[in-house]
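Reading through the structure tokens given below for one structure.
As the structure lists them, so they are numbered: ligands from 1, and atoms in each ligand from 1. Predicted model, so just to flag it, every value in this text is computed and none were measured. In this chain, residues are counted from 1 in sequence order.
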Amino acid sequence: MREIFNNVFEENEKILTINLAPGFSVYGEELVKIESKEYRVWDPYRSKISAAIKNGLKNFPIREDSKILYLGAANGTTVSHVSDVAKNGVVYAVEVAFRPMRDLIEKVAKKRTNVIPILADARKPFSYCYLVENVDLIYADVAQPDQTDIVYNNAVAYLKSGGIVCVAIKASSIDSTKDPHLVVDEEIKKMVKNGFELIERLDLEPFDKAHEMVVCRWK
Ligand code: SAM
């Protein structure tokens, strides 16, 4: 067992996080007991952050006490691992659709005090200003054509100076006719123009087709 990042482990080529809600599996992931601690296998085919780690991510942005604004929480698959890693921090989990939000509440937020579920549209960041404080990290996985604008508007509203954004970009949701790398190039150009500094970009194949993880620093 090797700790590859703070609170993220690797054993037999599997990525693991320590289960903050022992005994509970969120999405059918394997639970592994090692020396009295329970770990959850972080599936790279189900979670893009795990896929990025498997593909050699260098700048892992989540700390034990990070405050994170997570856009596109869905039913909490990735949120749950982010919550394991940021065990003394907080994850503001924004999701616009009711059904996945219901699962996020039942399977994740009810068992983890560091997850704050927010049923809202990430295009309207001020609609959750009464719940969210300034954050260290924005993670975005909304798979929308205007995702980088969504990220920018949330950064203006909530990201600390020098904070990090991590964006999972699905090229086909922006332009399915162009080369996916060129689509991501254009998105990065837009982000740089908006005041972000590119730190790292990473292909998520073979775990996710035509997706890239883009990590930037806010001015
Ligand atoms: N991040 C999730 C995970 O790894 O477990 C998967 C996210 S899924 C690819 C995209 C999610 O973004 C969907 O659940 C969708 O409802 C949500 N979404 C799309 N547009 C949104 C918006 N404007 N505001 C908030 N959530 C949105």
Checklist entry - Can a salt bridge be assigned to the pair Lys110 and Glu106 using a cut-off of 4.0 Å between side-chain N and carboxylate O? => result yes
Checklist entry - Any N or O of Asn75 that comes nearer than 3.5 Å to an N or O of ligand 1? => result no
Checklist entry - Does ligand 1 have an atom that lies less than 4.0 angstrom from a heavy atom of Tyr70? => result yes
Next on the checklist: Taking distance alone, with N or O pairs closer than 3.5 Å, would you say Asp141 contacts ligand 1?
Outcome noted: yes
Next on the checklist: Quick check against the 3.5 Å criterion: does Ser50 have a side-chain atom that pairs as donor or acceptor with the backbone of Ser47?
Outcome noted: no
Checklist entry - Considering only heavy atoms, does Lys170 approach ligand 1 within less than 4.0 Å through its side chain, its backbone, both, or neither? => result neither
Checklist entry - Do Tyr70 and Glu95 have side-chain atoms, one donor and one acceptor, less than 3.5 Å apart? => result no
Item to check | Residues Arg40 and Asp84 bridged, charged N to O under 4.0 Å | outcome: yes
Next on the checklist: Donor-acceptor check, side chain of Glu205 to backbone of Ala210, threshold 3.5 angstrom: yes or no?
Outcome noted: yes
Checklist outcome for this item: Heavy-atom proximity to atom 25 (C) of ligand 1, picking from Val96, Thr77, Asp146, points to Val96
Next on the checklist: Looking at Arg46 and Glu29, is any side-chain nitrogen of the basic one under 4.0 Å from a carboxylate oxygen of the acidic one?
Outcome noted: no
Checklist entry - Is it true that Glu186 and Lys189 have a side-chain N and a carboxylate O under 4.0 angstrom from each other? => result yes
Checklist entry - Would one find an N or O of Ile150, backbone or side chain, under 3.5 Å from an N or O of ligand 1? => result no
Checklist entry - Judged by modelled atom types alone, do Tyr128 and Asn154 share a side-chain donor-acceptor pair under 3.5 Å? => result yes
Item to check | Enumerated ligand 1 atoms positioned under 4.0 Å from heavy atoms of Arg123 | outcome: 23 (N)
Item to check | Contact partition for Ala120 relative to ligand 1, non-hydrogen atoms under 4.0 Å | outcome: backbone
Checklist entry - What atoms of ligand 1 come closer than 4.0 angstrom to any heavy atom of Gln144? => result 19 (C), 20 (N)
Checklist entry - Hey, does Ser47 come in under 3.5 Å of ligand 1, counting only N/O atoms on both sides? => result no
Checklist entry - Are any of the heavy atoms in Gly76 under 4.0 Å away from ligand 1? => result no
Item to check | ligand 1 N/O within reach of Thr78 N/O, cut-off under 3.5 Å | outcome: yes
Item to check | Heteroatom proximity flag, Asp121 to ligand 1, N/O under 3.5 Å | outcome: yes
